[in-house]
Protein chains: 2
Amino acid sequence: MEKTPENCQVEDALGILVGKWKPVILLYLLQEGTKRFSELKRKMPGITQKMLTKQLRELEDEDIIQRVVYAQVPPKVEYSMTEYGRSLEPVLDAMHDWGAKHTVRKVVKADQVKSS
Amino acid sequence: MEKTPENCQVEDALGILVGKWKPVILLYLLQEGTKRFSELKRKMPGITQKMLTKQLRELEDEDIIQRVVYAQVPPKVEYSMTEYGRSLEPVLDAMHDWGAKHTVRKVVKADQVKSS
DNA sequence: CCCCTAAGTATCTTTTTGTATACTATACCA
DNA sequence: TGGTATAGTATACAAAAAGATACTTAGGGG
C-alpha cells in the first residue's frame with residue numbers, strides 16, 4: 001500500500017503501543033519469554049496493580065499477548081506474546097534503535113523570522 | 001546499546017510520536033515538504049486550531065520540526081522537518097509497514113485455564 | 001485460628017488530552 | 001467603510017488516562 005498521510009496506518013501500530021507501560025511489557029515478553037503477573041510487576045516498580053492489569057488486558061484484547069490461568073491457589077497467571085504480537089518486533093526494534101542513537105532533545109529557541 | 005527492557009529507549013520515540021495528530025503531521029511534512037499552518041489545517045479536517053498549534057509546538061520543542069515566521073500580514077508561518085526529525089523516518093516507516101500488513105484485531109476470548 | 005501469597009476488583013481523585021467557541025491584529029480589496 | 005484572510009490566544013468544559021488505596025478469594029503453614 002502507498003504511504004500517504006491520508007491512509008495513515010501509522011496510527012494503528014501507535015494505538016497498540018501507546019500506554020505508559022506497554023512497550024516495556026512487550027519488550028520483557030519478547031526478550032525473556034513467558035512471565036507471570038507478579039514477575040512483571042516486580043520488574044516495573046512504580047506501576048500499580050490496576051495499571052498492569054489494564055495494560056495487559058488491552059494487549060490481550062488486541063491479540064498481542066496471551067493469558068493463561070492455572071487453576072490453583074494462590075493464583076498463577078502467565079503472559080506471553082502471540083504470533084501476531086511478535087510481528088510488532090520490527091516496530092519496537094526501530095523505535096529502540098532510534099532511541100539508542102538519539103537522545104531526546106528539549107529545545108528552547110527563538111522564532112525564526114523572515115522579512116520577505 | 002543492548003536491547004533490554006530496563007533501558008527502554010522505545011519510550012523516547014513513542015513519546016515524540018504520541019498525540020492524536022502527530023504522526024499525520026509528520027507524514028505530511030516528510031512526504032510533501034514544507035507546509036503552512038493553514039495548509040496543514042485544511043489537510044486535517046476535524047483538528048481544531050488549538051490542537052494543531054499545540055501539536056506543532058510540541059514537535060518544535062523537541063526539535064523535530066522547524067517553524068519559520070514571515071513578517072507580513074496576514075501572517076505566514078511555515079513548518080518543515082529538521083534533520084533530526086527526518087531521523088524518525090525509519091520508525092514511522094516500520095509502523096506504517098506494520099499497519100499496512102496487519103489489520104488491527106479486536107478479540108474476545110475465553111480464559112485459557114490449565115489444571116496443573 | 002490467623003496470616004501469607006497471587007492476581008486480581010472496586011472506588012475515588014488527580015492529571016493529561018482533547019473539544020468548542022469566541023476573540024485578536026492588520027494589511028489588502030471592493 | 002466594511003469584509004476577508006492568517007495564525008494564532010483565551011477560556012471553559014468534557015473525556016480519557018493514570019495513580020492511590022482498600023478489599024477479595026482460598027489453600028497452605030505455623
Side-chain angles (χ1 to χ4, degrees), chain A residues 8 11 14-25 28-29 34-62 65-80 106 109-116, chain B residues 8 11 14-25 28-29 34-62 65-80 106 109-116:
Chain A
C8 181
E11 297 284 0
L14 211 55
I16 285 172
L17 266 15
V18 169
K20 198 167 173 187
W21 308 93
K22 282 184 193 170
V24 195
I25 294 172
Y28 273 123
L29 295 182
T34 302
K35 286 260 166 292
R36 295 183 61 166
F37 184 88
S38 52
E39 291 180 282
L40 288 171
K41 209 179 72 164
R42 263 191 296 275
K43 295 272 193 180
M44 293 177 268
I47 196 173
T48 60
Q49 216 143 327
K50 185 194 162 188
M51 262 301 118
L52 181 50
T53 304
K54 205 182 144 221
Q55 308 286 293
L56 290 170
R57 285 290 175 287
E58 288 174 14
L59 291 170
E60 194 198 353
D61 287 348
E62 293 180 298
I65 64 173
Q66 203 186 2
R67 176 169 178 270
V68 178
V69 182
Y70 290 80
Q72 60 185 56
V73 168
K76 177 179 172 185
V77 179
E78 285 184 343
Y79 293 91
S80 55
K106 273 291 170 188
K109 38 163 78 170
D111 277 0
Q112 297 201 37
V113 182
K114 293 205 178 166
S115 45
S116 153
Chain B
C8 181
E11 296 285 0
L14 211 54
I16 285 172
L17 267 14
V18 170
K20 195 167 173 185
W21 310 92
K22 283 183 193 169
V24 194
I25 295 172
Y28 273 122
L29 295 181
T34 302
K35 286 260 165 293
R36 294 183 62 166
F37 185 87
S38 53
E39 291 180 281
L40 287 171
K41 208 177 72 160
R42 263 191 295 276
K43 295 271 192 180
M44 291 177 271
I47 196 172
T48 60
Q49 215 141 327
K50 187 193 162 189
M51 261 301 116
L52 181 52
T53 304
K54 206 184 144 217
Q55 308 287 292
L56 290 169
R57 286 290 175 286
E58 288 175 12
L59 290 170
E60 194 197 356
D61 288 347
E62 293 180 299
I65 64 173
Q66 203 185 1
R67 176 169 178 270
V68 178
V69 182
Y70 290 81
Q72 60 186 56
V73 168
K76 176 179 172 184
V77 178
E78 284 183 343
Y79 293 91
S80 55
K106 274 288 170 188
K109 41 163 77 171
D111 279 358
Q112 297 201 35
V113 183
K114 293 207 177 164
S115 45
S116 153

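First the proteins, then the strands, lettered A, B, ... as listed; each starts at 1. All figures in this text were calculated on a predicted structure; none of them were measured in a lab.
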Report summary line: A:Lys20 has its side chain closest, among D:dA7, D:dA18, C:dA7, to D:dA18

Query raised in the report: More 5' along DNA chain D: A:Val73 or A:Gly19, using each one's nearest nucleotide?
Result: A:Gly19

Report summary line: Taken to the nearest whole Å, CD1/B:Ile47 to P/C:dA20 is 12 Å

Query raised in the report: Any ion pair linking B:Glu58 and B:Lys22 (charged N to carboxylate O, less than 4.0 Å)?
Result: yes

Query raised in the report: In whole Å, what is the span from the CD atom of B:Gln55 to the C1' atom of C:dT19?
Result: 13 Å

**Report entry** Rounded distance (Å) that lies between atom P of D:dA16 and atom NZ of A:Lys54
**Finding:** 11 Å

Query raised in the report: OP1 or OP2 of C:dA27 less than 4.0 angstrom from a side-chain nitrogen or oxygen of B:Tyr70, does that happen here?
Result: no

**Report entry** Heavy atoms from other residues, nucleotides or ligands near NZ of B:Lys41 exceed 12 (cutoff 6.0 Å)
**Finding:** no

Query raised in the report: From A:Lys43 NZ over to A:Tyr28 OH, what is the distance, rounded to the nearest 0.5 angstrom?
Result: 5.0 Å

Query raised in the report: Below 4.0 angstrom from OP1 or OP2 of C:dA7, is there any side-chain N or O of A:Arg36?
Result: yes

Query raised in the report: Side chain of B:Gln49, base of D:dA7: donor and acceptor closer than 3.5 Å?
Result: yes

Query - Atom pair distance, as rounded to whole Å: CZ in A:Phe37 and P in D:dT25 - result: 18 Å

Report summary line: When A:Glu58 and A:Pro74 are each assigned the nearest nucleotide of DNA chain D, the 5'-most assignment goes to A:Glu58

Query - Reported CH2-to-CG distance for the pair B:Trp21 and B:Leu56, which is rounded to 0.5 angstrom - result: 12.5 Å

Requested in this report: Answer yes or no: does a side-chain N or O of A:Thr48 lie under 4.0 Å from OP1 or OP2 of D:dG19?
Outcome: no

**Report entry** Atom pair distance, as rounded to whole Å: CD in B:Glu60 and P in D:dG8
**Finding:** 9 Å

**Report entry** For atom CE of A:Met51 and atom C1' of C:dT13, their distance in whole Å
**Finding:** 13 Å

Requested in this report: Nearest whole angstrom, please: distance from the P of C:dA6 to the CG of B:Asp111.
Outcome: 20 Å

Query - Distance, nearest 0.5 Å, that separates CD1 of A:Ile47 from OG1 of A:Thr53 - result: 8.5 Å

Query raised in the report: Rounded to the Å, how far apart are A:Leu52 CG and C:dT9 C1'?
Result: 14 Å

Requested in this report: Using a heavy-atom cut-off of under 4.0 Å over every strand shown, decide if A:Arg42 touches base, sugar-phosphate, or nothing.
Outcome: nothing

Query raised in the report: Does the side chain of A:Arg57 get closer than 4.0 angstrom to OP1 or OP2 of C:dA7 through an N or O atom?
Result: no

Query raised in the report: Relative to the 5' end of DNA chain C, which residue comes earlier, A:Lys50 or A:Glu78, by the nucleotide with the nearest heavy atom?
Result: A:Glu78

